[in-house]
Q: 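Pasting a structure here, questions to come.
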Amino acid sequence: MSQPIRLALIGLGKIAHDQHLPAIANDPAFELVATVSRHGEAIGSLPFFATIDALAESGIAVDAVALCTPPQVRRALAATAIDRGWHVFLEKPPAASLVEASALRALAAAKGVSLFASWHSRHAAGVEPARAWLAERMLRDATITWAEDVRHWHPGQDWIFEPGGFGVFDPAINALSIATRIFPRALFVETAEIEIPANRAAAIAATVRFRDEAGSAIDARFDFLKQGTQSWDIVAHTDGGTLTLSEGGTALAIDGDAKASGADELASEYPALYRRFAELVRAGESEVDLSPLQLVADIHLKARIRIVDPFAW
Ligand code: NAP
């Protein structure tokens with residue numbers, strides 16, 4: 001049995017507390033050796049630093065870091081870690097831009113460390129069965145509906161509406177990480193309209209029509225102002241029936257018959273992400289699929305922009 005991977009967790013916000021800390025604690029492949037956060041608090045007696053530089057200068061032995069900050073500061077932190085020879089687990093989205101992400105991939109390769117651009121939604125229970133089912137059928141059309149209340153899920157997270165914060169594409173990129181996994185052909189952005197609040201820099205809603213390489217239409221609606229029932233659903237009509245992947249990829253039904261269902265979506269996705277990260281580190285490999293980020297970038301390249309009412313929390 002090899003030694004545990006000595007891991008430091010950087011960015012102690014919602015996802016770090018809700019998912020990363022429990023997943024790390026339950027995975028014997030990792031030993032949490034330090035945390036880093038400008039304003040957070042130490043976890044018990046675990047070494048705690050305000051910056052990644054302070055961690056590096058502390059002399060604590062670190063093999064890898066997991067970066068749970070907002071995307072705007074991810075590239076600089078990852079570059080510092082890679083430069084130190086540390087393996088890097090990137091929360092989604094992997095960076096604030098495509099070039100930032102691909103530069104990190106090149107840096108990790110040059111330095112011989114593992115870089116893992118994680119997409120947690122791809123580990124939801126219904127995603128791999130959906131991929132296998134769709135691979136054997138011809139897609140006719142599909143709809144993606146990702147509609148949630150930003151005030152409920154991201155209260156006070158101002159970074160999300162800052163430049164590089166992704167706005168509604170913070171959750172929408174989860175839908176696109178699933179879509180790029182389950183649909184067998186590449187997706188192109190045909191038309192897009194992005195709605196940006198007059199007082200913010202990033203989208204609060206968007207309507208997108210994709211087409212796949214065979215010409216099938218995939219219509220998406222992304223909405224950050226959804227009240228009442230929240231939706232994280234993909235419905236695909238094929239020559240062999242209708243696939244419904246709902247609850248963020250957790251629940252799969254074919255022609256209305258339930259096929260897969262996971263009890264608690266994120267709670268099962270993060271242990272799978274850490275298992276994958278350990279595999280990559282042990283194998284000396286990286287996994288950096290930028291296709292969801294490419295689609296978000298293409299949507300912004302091709303979109304008509306509509307300025308809408310100011311947003312307040
Ligand atoms: P959050 O609660 O706002 O936490 C982000 C943390 O990063 C903060 O605690 C902050 O701690 C640190 N940070 C470092 N530099 C920062 C900066 N310039 N601006 C703001 N914070 C900074 O955010 P989160 O919900 O955990 O999301 C973090 C990442 O995880 C995002 O990329 C998000 O897409 C992803 N994610 C979130 C969820 C979710 O359900 N929330 C689910 C999956 C993935 P200090 O101020 O103490 O440094």
Side-chain angles (χ1 to χ4, degrees), residues 8-24 34-43 46-55 65-81 88-97 100-101 104 116-124 127 146 148-178 200-203 222 224 230 232 247-250 262 264-274 276-277 290 292-293 296 313:
L9 189 59
I10 301 184
L12 281 184
K14 183 171 177 358
I15 198 63
H17 281 285
D18 289 358
Q19 301 300 337
H20 287 259
L21 288 171
I24 295 162
T35 57
V36 177
S37 172
R38 298 165 310 172
H39 308 103
E41 290 178 4
I43 294 166
L46 204 66
F48 172 77
F49 304 93
T51 66
I52 191 171
D53 292 330
L55 167 67
V65 295
L67 301 184
C68 304
T69 64
Q72 289 99 329
V73 292
R74 193 118 66 219
R75 189 212 64 82
L77 290 168
T80 301
V88 177
F89 175 136
L90 301 169
E91 248 301 349
K92 49 68 47 169
S97 79
E100 288 180 5
L104 286 176
F116 179 34
S118 72
W119 298 109
H120 67 85
S121 293
R122 286 186 174 175
H123 294 269
V127 171
W146 234 249
E148 64 179 54
D149 181 357
V150 66
R151 293 183 179 91
H152 176 79
W153 297 102
H154 303 275
Q157 290 184 351
D158 272 319
W159 59 262
I160 221 162
F161 288 115
E162 295 289 332
F166 285 68
V168 76
F169 290 97
D170 177 82
I173 202 167
N174 298 334
L176 298 176
S177 75
I178 295 175
R200 305 279 168 166
F222 306 122
F224 237 167
Q230 311 281 285
W232 301 280
E247 296 168 38
T250 307
D264 180 350
E265 182 204 336
L266 287 172
S268 63
E269 293 168 17
Y270 278 78
L273 289 178
Y274 274 94
R276 182 69 187 132
F277 186 42
L290 300 182
L293 185 61
V296 171
W313 289 107

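Residues: numbered from 1 along the sequence shown. Whatever order the structure lists ligands and atoms in, that order sets their numbers, starting from 1. Only a predicted model underlies this, so the values are computations on that prediction, with no experimental measurement involved.
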Q: Would you call the rings of H154 and F224 parallel, tilted or perpendicular, taking 30° and 60° as the class edges?
A: perpendicular

Q: Can K92 be said to touch ligand 1, with heavy atoms closer than 4.0 Å?
A: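 In this structure, K92 qualifies as a contact of ligand 1 - some heavy atom is under 4.0 Å.
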
Q: Could you walk me through whether R200 and D158 satisfy the side-chain contact (heavy atoms from CB on, under 4.5 Å) test, starting with their C-alpha distance in whole Å, then the side-chain angles of each, then the deciding distance to 0.1 Å, before giving a yes or no?
A: CA-CA 9 Å; R200 305 279 168 166; D158 272 319; 3.0 Å; yes

Q: Going by the order shown, which atoms of ligand 1 are within less than 4.0 Å of some heavy atom of G40?
A: 47 (O)

Q: Report yes if the side chains of P70 and Q157 come closer than 4.5 Å at any heavy-atom pair, otherwise no.
A: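 In short, these two side chains do not touch, never coming nearer than 4.5 Å.
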
Q: Under 4.0 Å from a heavy atom of P70: give me the atoms of ligand 1 that qualify, with their elements.
A: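 So the atoms of ligand 1 that pass are 5 (C), 7 (O), 13 (N), 16 (C), 19 (N), 20 (C), 21 (N), 22 (C).
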
Q: By number and element, which atoms of ligand 1 are closer than 4.0 Å to a non-hydrogen atom of V73?
A: 15 (N), 18 (N)

Q: Quick one: which of T69, I160, L90 has a heavy atom closest to atom 14 (C) of ligand 1?
A: T69

Q: Give me the atom names and distance for the closest heavy-atom approach of G165 to P71.
A: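 Shortest heavy-atom contact: CA-CG, 4.5 Å.
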
Q: Run the side-chain contact (heavy atoms from CB on, under 4.5 Å) test on L293 and F166 for me, step by step, so that the C-alpha distance in whole Å, both residues' side-chain angles and the decisive distance to 0.1 Å come before the verdict.
A: CA-CA 10 Å; L293 185 61; F166 285 68; 3.6 Å; yes

Q: Would you mind telling me if ligand 1 is within reach of the side chain of K14, the backbone, both or neither, using heavy atoms under 4.0 Å?
A: both

Q: For a quick check under 3.5 Å, do H20 and Y274 share a side-chain donor-acceptor pair by atom type?
A: yes

Q: Can you tell me if E148 uses its side chain to pair, donor with acceptor, with the backbone of P171 under 3.5 Å?
A: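 Checking the backbone N and O of P171 against the side chain of E148, no donor-acceptor pair under 3.5 Å is found.
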
Q: Counting each atom of ligand 1 from 1 as listed, which ones have a heavy atom of Y270 under 4.0 Å away?
A: 43 (C), 44 (C)

Q: Could you check whether W153 and W146 have their ring centres less than 6.0 Å apart?
A: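 Not under 6.0 Å, so no.
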
Q: I want to check something: taking the side chain as every heavy atom from C-beta on, are S118 and F89 in contact at a cut-off of under 4.5 Å?
A: yes

Q: Using a strict cut-off of 4.0 Å, indicate which atoms of ligand 1 neighbour a heavy atom of P71.
A: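 Answer for ligand 1: 32 (O).
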
Q: Considering P94, G13, C68, which one's heavy-atom position lies nearest to atom 28 (C) of ligand 1?
A: C68

Q: Taking only heavy atoms of Q157, which atoms of ligand 1 are found under 4.0 Å from at least one of them?
A: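 Matching atoms, with element in brackets: 1 (P), 2 (O), 3 (O), 23 (O), 24 (P), 25 (O).
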
Q: Mind running side-chain contact (heavy atoms from CB on, under 4.5 Å) on E41 and F48 for me, showing each step along the way?
A: CA-CA 8 Å; E41 290 178 4; F48 172 77; 5.7 Å; no

Q: Which of the atoms in ligand 1, numbered in the order shown and given with their element, are less than 4.0 Å from a heavy-atom of D170?
A: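 Result: 33 (C), 34 (O).
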
Q: Using the side chain to side chain contact (heavy atoms under 4.5 Å, CB included) rule, pick out the option among N174, T250, V127 that qualifies with S121.
A: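 Among N174, T250, V127, the one meeting side chain to side chain contact (heavy atoms under 4.5 Å, CB included) with S121 is N174.
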
Q: Does only the side chain of D18 get under 4.0 Å from ligand 1, or the backbone, or both, or neither? Count heavy atoms.
A: neither

Q: Where the closest heavy atom to atom 36 (N) of ligand 1 is concerned, which of E269, E91, E41 has it?
A: E91

Q: Does even one non-hydrogen atom of R74 get within less than 4.0 Å of ligand 1?
A: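 A heavy atom of R74 does come that close to ligand 1.
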
Q: So if I count the atoms of ligand 1 from 1 in the order they appear, which ones are less than 4.0 Å from some heavy atom of H120?
A: 43 (C)

Q: I15 versus ligand 1: do any nitrogen or oxygen atoms come within less than 3.5 Å of each other?
A: yes

Q: Hey, looking at atom 19 (N) of ligand 1, which of E162, Q72, R38 has the closest heavy atom?
A: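 The residue whose heavy atom sits nearest atom 19 (N) of ligand 1 is R38.
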
